[in-house]
2 protein chains.
Amino acid sequence: MPEQTAANRPTLEAVAARAGVSRATASRVVNGGAGVRQPLVDKVRTAVDELGYVPNHAARSLVTRRHGAVAVIIAEPEFRVFSDPFFAQQLRGISRELTAHDIQLVLLWVENESDHDRIARYLAGGHVDGAIAFSLHGDDRLPALITESKVPAVLGGRPGTEGGLPLPYVDTDNRGGAREAVRHLVSLGRGTIAHIAGPGDQTSALDRIAGYHDVLIDPDPELLREGHFTEESGARAMAELLDRRPDVDGVFVANDLMALGALRVLRERGLRVPQDVAVVGFDDMEAVVSASDPALTTVRQDVEGLGRLSVKLLIKLLNRQAGHVPASVIMPTTLVRRASA
Amino acid sequence: MPEQTAANRPTLEAVAARAGVSRATASRVVNGGAGVRQPLVDKVRTAVDELGYVPNHAARSLVTRRHGAVAVIIAEPEFRVFSDPFFAQQLRGISRELTAHDIQLVLLWVENESDHDRIARYLAGGHVDGAIAFSLHGDDRLPALITESKVPAVLGGRPGTEGGLPLPYVDTDNRGGAREAVRHLVSLGRGTIAHIAGPGDQTSALDRIAGYHDVLIDPDPELLREGHFTEESGARAMAELLDRRPDVDGVFVANDLMALGALRVLRERGLRVPQDVAVVGFDDMEAVVSASDPALTTVRQDVEGLGRLSVKLLIKLLNRQAGHVPASVIMPTTLVRRASA
DNA sequence: CGCTGGCCTGAAAGCGCTCTCAGGGCGAGA
DNA sequence: TCTCGCCCTGAGAGCGCTTTCAGGCCAGCG
């Protein structure tokens, strides 16, 4: 392969000349070789190898109007990205699945409203074939913005304002998972079951609360406490809970990190888990679960799978006629029984 | 702005027609308007607004041979990405700085050797103007691969095999920071100073060890223990240390997470910090430091700044003639004194 | 042996843009 | 008033590729 810099890279023309065919035939071979006779295919392939030819992407997408790239929009304020592996794990699922389809990942990180213009301009600029947005919050106007841009897009997580938005989403069955967790506590004979919930601006937290209410009819409002998905806030919620309802004998915590905090407080107060209080978490985050004592019973969700699924859904969307919006997908959860409940 | 889909997006031709000028003039205005008289500039600007014109990126970069995009290569096995905020923080620095320069971020996640081909092909394909690779490990052959691709690139963190690699890097002054930490312990009158180091395949860990040795002449090898940058491994190392050298009165720990583990073990053994054993960490990771008791004295490094700096360096590289390689940059550290030492 | 039709191949148009180059207009100097 | 030169503007080439379309070749059939 000859020495080359960005400037003197061989063109299809050069390949064609070397192979003794027309540019058209060379192009056909480079793109799979359908409808070209074998001897010519071989000649062109040889020329490609010898010259180290790589197609010019800009020229190609100028005519095909496709880019082989997808924008991944992360709408997440600083602190959670750093504290929550959820983010990285989902991103990795997306990355892997895109790679498998030979699609590039253009990362757009939205930190605040002032970034919205930039995002809108980028999407409208037609640089990418589609977009995936995740980590959306309450009244986020990002979904609307994406919709306006007309770029095929998929949301990761149920958006807050679902009404009328033509964007399909993928999400975990938060409500169903929560139901399962609470039912499990019931089945253990627990009579006073509390819920330590996540922040109210996230649909995942709301859905888990809904699941809790699905099983327990009209529980004491004191039994429902809100945290911020952090260890610390879980501990605080557990402490408050014990102060007001010392008779609590089961807790469903909206994520594992908060459950860890809750376990700590229970231990500090000399309560035995699960004998005195049974605890069920949510996520099945390995790093957290392995550190918990006793081992945490929790609702497993496949976060990486969620990422992969969002890509699959987007690809389905891309291959479809405009107008046809595939249905959103909800991924099932599994209750993983360990020692804490 | 008229209804438009990806297909019927207005072209520069349309803008020119509407403004009553030539395509060339329209182009000039869209690209800043230099050398065009004001009345025409206004007309074109109006036409752009009315039509909602957005330049076609593929067409533009076909002729300019620039892409306004940079590849960010993360070479990181799964576990660390999830446990270490280092990753996300650096990525955010990069993202912010690229955004400030209106450059897109194409994320390439390398999980194992089998991804190398794909990366090489992508870089050689001329899709991006440059590349930034970070989180490199010991004998990583990624830097060599990037060099071969001829794409201007910058490394985040000193590569293991520095010899002859024409790639500049940015890094924290790990060695200097470590020296400062150990000197601080010395200045407190500590006579038996240990070091809990990071894994030996990372240059940052090695450089911190070197800094430790810069200050202490020929210390007892028992005083140097290796961890894996995790809380758990820090605790284990501290325990071993106390078993073998119960007279230790100062510890420099290679990162805050391990320092947290060390503090825990010290507490469990009834040793007072800093009275009995003084502890200095490295990183100044807010989440960790705020959780530590007593408050951790540590060496602060600006991880986000590191990310931003790598972008600045890359941009310098891009604006330079080929051949001119700007020098690598080392960022200074600061010792942050709190209660633990 | 001539004709039809199918299969390959090449010529050429054109994707949307930038940028060179030539030419037109106008002010200033003579 | 004429000419020179400068400043703008537009025509057009061309970036590297895909894709249409026409034409050439050959096998098979009449």
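Convention: sequence-line order gives letters A, B, ...; per-chain numbering from 1.
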Whole-Å distance, B:Leu62 CG to C:dT18 P, equals 11 Å
>> For B:Phe87 and A:Phe87, take the angle between the two ring planes, folded into 0 to 90°, and tell me which bin it lands in: parallel under 30, tilted 30 to 60, perpendicular over 60.
In response: tilted
In whole angstroms, the gap separating P of D:dT19 from CZ of A:Arg65 amounts to 12 Å
For A:Leu12 and A:Ser27, the nearest pair of non-hydrogen atoms, with its separation, is CD2-CB, 3.6 Å
Quick check on A:Asn112: does its CG atom have over 12 non-hydrogen neighbours (other residues, nucleotides or ligands) under 6.0 Å away? yes
side-chain hydrogen bond (donor to acceptor under 3.5 Å, both in side chains) with A:Glu304: of A:Gln90, A:Gln89, A:Arg92, only one passes, and it is A:Arg92
note: A:Leu12, atom CG; C:dA11, atom P; distance rounded to Å ~ 14 Å
Rounded to whole Å, the CZ-P distance (A:Arg37 to D:dC25) equals 12 Å
Between A:Leu123 and A:Ala71 the two heavy atoms that sit nearest each other are CD2-CB, 4.2 Å
Paired with A:Asp129, the side-chain hydrogen bond (donor to acceptor under 3.5 Å, both in side chains) test is passed by just one of A:Arg65, A:His67, A:Gln104, namely A:His67
Correct closest heavy-atom pair for A:Leu51 and A:Pro10 would be O-CG, 3.5 Å
Note: contacts of residues 19-26 of chain B with DNA chain C (heavy atom, under 4.0 Å) are B:Arg23, B:Ala24
For A:Ser27 and D:dT18, is the shortest distance between a side-chain N/O and OP1 or OP2 below 4.0 Å? yes
Shortest non-hydrogen pair, A:Ala133 vs A:Ile146, comes out as CB-CD1, 3.7 Å
Rounded to whole Å, the CG-P distance (B:Asn31 to C:dG16) equals 17 Å
Of B:Val63 and B:Gly35, the one whose nearest nucleotide on DNA chain D sits closer to the 5' end is B:Gly35
When rounded to whole Å, the CD to P distance for the pair B:Glu13 and C:dG14 reads 13 Å
Checking C:dG16, C:dT9, D:dT18 against the side chain of A:Arg28 (C-beta onward), the nearest is C:dT9
Here the distance between atom C1' of D:dG14 and atom CZ of B:Arg60, to the nearest Å, is 17 Å
As a check of understanding: the bend across the helix from C:dC1-D:dG30 to C:dA30-D:dT1, end axes from five pairs, rounded to 10 degrees, works out to 50°
To the nearest angstrom, the NE2-C1' distance between B:His57 and D:dC15 comes to 14 Å
Ranking C:dG14, C:dT9, C:dG16 by distance to the side chain of A:Leu40, first place goes to C:dT9
When the side chains of residues 33-45 of chain A are checked against the rest of the protein, which donor-acceptor pairs come out under 3.5 Å, sequence neighbours left out?
{"residue": "A:Gln38", "atom": "NE2", "partner": "A:Asp42", "partner atom": "OD1", "Å": "2.9"}

### Task
With heavy atoms under 4.0 Å as the rule, sort A:Thr11 into base, sugar-phosphate or nothing.
sugar-phosphate
